[in-house]
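Notes follow the structure.
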Amino acid sequence: MTPALSKSERIVSRTNDYTCNEMRKIELYEMGWNLKDGLRECLVAAAPYGGPISLLKGHNRRSPSARPQLEIYSSSGLPLASFPWKSGVVKQLGWTVSDDLLCVQEDGTVLVYDLLGGFKRHFSMGNEVSQSQVLETKIFHSPYGTGVAILTGALRFTLATNIDDIKLRRLPEVPGLQGAPSCWAVLTQDRQSKVLVANGSHLFILDNTACTPVTPPGLSPQASSIVHMCVSFSYKYLALLTDSGHVWMGTSNLKEKLSEVDTKIKTPPKQMAWCRRPKSQQPSAVVMWDGLLIVVGECKETIQYHLDDDSILVPELDGVRIISGTHHELLQEVPGACEEIFKIASMAPGALLLEAHKEYEAASFGKCFLSNFPPEQFVSMCRDLRVLNAVRDYTVGIPLTHTQFKQMTVQVLIDRLVYRKLYPLAIEICRYLKTPEYQGVSRVLKHWACYKVQQKEESDEVIAKAVSVKLADAAGIFYSEIATKAYESGRTELAIKLLEFEPRSGEQVPLLLKMKKSPLALSKAIESGDTDLVYTVVMYLKNELNRGDFFMMLRNQPVALSLYKQFCKHQEQDTLKDLFNQDDDHEELGNLYVKASYKEQRLEARIALLQSAVDEYYKAKNEFSAKTTEDEMRLLRFQRKLEEEKGELLVGFSLHDTMTTLLSVGLHKHAEQLYKDFRVPDKRFWWLKLKSLAEKEDWEELEKFGKSKKSPIGYLPFVEVCIKHHNKYEAKKYVSKVTPEQKVKAHLAVGDMEGAAEAAIERRNESEISTVLSRCSATTDHLLMERLNRAKATAVKK
């Protein structure tokens, strides 16, 4: 749907042998600004999609006492910002895709301001541009963002396709160029930005690597020079104006001619722009001279409008905006739907519906009589129109067409309202269009809160309360982002208050550290229970504070101190020692010395560390650890002595391994000395010697050992060790010494079924009898099994 024509519209059409465009000029606003001299002596730039307008008044002034004035207005002429220009000479103004103002100076410096006049940043177009100065510049939009193209005084082009990621490109030279070209434009083809340059009647395309001459197909032979050019909003089409007054229109790749019209005016124009609706089949361009505007299209006729004031043309997606000192108008091709509705005697459905509306005052009346008519499209269009009417309001000043609105998207429109600080309207539109909360209301409220915390006239308590109340039920808002904005505005205490509303400690802590609120950051990290976060804070404090203050802070936070000690155990042993010394933790110091001793290769150094550990253990009144460490030192000295005397490598072995090694090499007396000196339990020593002798198969020494005194481990182990090493003969020597309780097991181990049966029957133990029975063979032990069964029956009765 397209709004109906108002009284302020003019439809100019031509009908002859050719198909002509029908154009309309709609008054958007009577401008609210008060410009005494209109747009004369001003650098002017207007953002597309009904965006803001910037004026630099008196831009040629060089005197400090009479500086140029930079002013920013809405599309309805309401002031948004104004300030004196105190920087260098400005060659060009332009707007980015996000409504930031670019001011290109003659030294190649580009200053960036927001639409409320706040300075954001600056960047340079390179040393070469700075040295040779800016001759001409153009600001353009590419698939990568907003770009800047500059023609330097050295007649070379420098290009940056995205000002948010500056990568300067110096384009090749234009052959035969002795002065400024007659005209040039930036093209975007195949996702690459190129420059189209006219030098007299010659055209060249400059890309990264080459300068390529091109010729527009079917260009009028009367032309000796191309004096002006413009590219369509979509970069698909190109219009060239020659010195003969002919306008050539075609595709921007210069492969197809669409039309050529004679304007009959040979003086160079002030401006030229494309004026073509999307999906329109008819090309049209607008050429503006002083006091005159001409629309050219497919037919040979032109449409002329007289201009009362100095004006500028602002190309749009579906038309051209015309801005003068008093009025703001939209010139566009009449949409087909409007043409069908308003042409004389039209019987189109839209025309009939309009008549019904006039008669019955019911815009939706007709749809009630249609079957299977889905209401969604009608409802969606009504919502869109209400939103457009709201933002077109004079106090808002964003005159979007429906086509522009759909191309822009709701999200971008909300962003633009937010940039203008129109928060209530943005929230109402989000709710009215049922935008998801995290994309709509919450996002607007976050921007509002970030703006609110920068206001100096209210106290921290008032602002913190207002923000918390307003954002209480909003989803997906991080208070840490708002607190960061408060801190960047110099309001540290407000930032701390806002962080109290942030439920995620991981978002609180980094900002607290940035604000030098280390104790609070450490407390928040500990409260979170996130050890990684605590480690992050502790490591930050370690680098920021001197050692004494750092240790003192940790002593007040036991959890952090414990985690730091764990870290030091693996990474910084010396620091751990300092911590224990500061806390007089002698036991941990002793443990530290003991662990350090194991890493020492030299025996003297190891013993020295162990002696330090003994001293610390005694200070801690831990006699057990002290005595144990002293025993370790004694063992080390013994090992070293034996190494020197016998040549066996023993240093560093445990007591158990040392005795095992000594027994394995036949040094029984030395092993027994250790057994006595270190009070090794008898059972442990006997097991150790038993296994060692059996592994050596020293059966004679084993027999002597078994007879040396009564075995504290019994004699069944002797039997089992001999059997394990496949010596049944030796095993039988010890069966008789086995206690009665283990006789059956011993006889079975050596394969003596008769002896096992006798022992089991003698003990009258049903379990042992059953064990022997399970080992008997029915063929060879028949009689023995009968005897055992009788004994088992007797044992059961008892």
Side-chain angles (χ1 to χ4, degrees), residues 1-6 8-9 24 26-29 47-52 74-76 97-99 233-234 276-280 314 316-319 321 328-342 348-351 353-354 356-357 361-368 370 373-420 422-441 443-444:
M1 291 180 69
T2 304
L5 295 174
S6 69
S8 60
E9 294 180 1
R24 66 179 181 180
I26 307 170
E27 182 178 284
L28 300 175
Y29 304 107
Y49 294 97
S74 70
S75 285
S76 58
V97 290
S98 55
D99 277 0
F233 198 84
S234 64
R276 176 173 180 156
R277 286 190 302 106
K279 300 181 181 179
S280 171
V314 185
E316 291 283 4
L317 175 69
D318 55 350
R321 285 191 290 142
H328 190 163
E329 299 170 305
L330 174 65
L331 177 67
Q332 64 176 178
E333 183 182 337
V334 176
C338 282
E339 189 178 345
E340 289 183 353
I341 290 171
F342 293 106
L353 185 60
L354 178 62
H357 166 62
E361 298 295 332
S364 61
F365 180 76
K367 70 180 177 65
C368 300
L370 298 176
F373 178 78
E376 290 82 5
Q377 185 177 1
F378 179 83
V379 171
S380 176
M381 179 61 74
C382 288
R383 283 179 176 165
D384 289 349
L385 291 177
R386 288 195 67 180
V387 169
L388 289 175
N389 285 334
V391 298
R392 286 173 184 166
D393 186 84
Y394 182 82
T395 58
V396 179
I398 304 179
L400 287 173
T401 65
H402 188 262
T403 303
Q404 294 168 17
F405 175 57
K406 286 304 181 183
Q407 178 73 16
M408 172 190 277
T409 73
V410 174
Q411 293 299 321
V412 176
L413 176 59
I414 297 302
D415 284 340
R416 298 201 171 185
L417 293 174
V418 165
Y419 295 155
R420 288 165 167 79
L422 300 173
Y423 303 111
L425 178 59
I427 290 173
E428 286 304 312
I429 289 175
C430 290
R431 288 173 177 162
Y432 180 69
L433 295 178
K434 296 181 172 59
T435 306
E437 190 170 2
Y438 70 94
Q439 293 178 340
V441 174
R443 191 161 60 95
V444 176

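When reading the values below, keep in mind they use all heavy atoms of this one structure, side chains included, and skip hydrogens, waters and symmetry mates.
- Pairing each heavy atom of Gln332 with each of Thr401, the nearest pair is NE2-CG2, 4.5 Å.
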- prompt: Does the side-chain hydrogen bond (donor to acceptor under 3.5 Å, both in side chains) test come out yes or no for Arg321 and Ser75, once each step is laid out?
  reply: CA-CA 10 Å; Arg321 285 191 290 142; Ser75 285; 3.3 Å; yes

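- For Tyr432, the OH atom sits in a packed shell: over 12 heavy atoms of surrounding residues, nucleotides or ligands are nearer than 6.0 Å.
- Between the CG atom of Leu388 and the CE atom of Met381 there is a distance of 9.0 Å, given to the nearest 0.5 Å.
- Atoms CG and CD1, from Leu28 and Ile398 in turn, are 13.0 Å apart once rounded to the nearest 0.5 Å.
- Atom OH of residue Tyr49 and atom CG of residue Leu317 lie 5.0 Å apart, to the nearest 0.5 angstrom.
- Checking side-chain atoms of Ser76 against main-chain N and O of Tyr29 turns up no donor-acceptor pair under 3.5 Å.
- Checked by atom type and distance alone, the side chain of Arg383 never pairs as donor or acceptor with a backbone atom of Val379 at under 3.5 Å.
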- request: Check the pair Asp99 / Arg420 against side-chain contact (heavy atoms from CB on, under 4.5 Å), numbers first and verdict last.
  value: CA-CA 10 Å; Asp99 277 0; Arg420 288 165 167 79; 3.7 Å; yes

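- Taking all atoms of both residues into account, the shortest heavy-atom contact from Arg277 to Asp318 is CG-O, 3.9 Å.
- Taking each heavy atom of Val97 and Arg416 in turn, the nearest pair found is O-NH2, 3.0 Å.
- Taking every heavy atom of both residues into account, Pro278 and Thr403 meet most closely at CG-CG2, 3.9 Å.
- In this structure, the side chain of Glu316 does not engage the main chain of Leu400 through any donor-acceptor pair within 3.5 Å.
- For the pair Ser74 (side chain) and Pro52 (backbone), a donor-acceptor distance under 3.5 Å is absent.
- The backbone N or O of Asp384 lies less than 3.5 Å from no partner atom in the side chain of His402, so there is not a single donor-acceptor pair.
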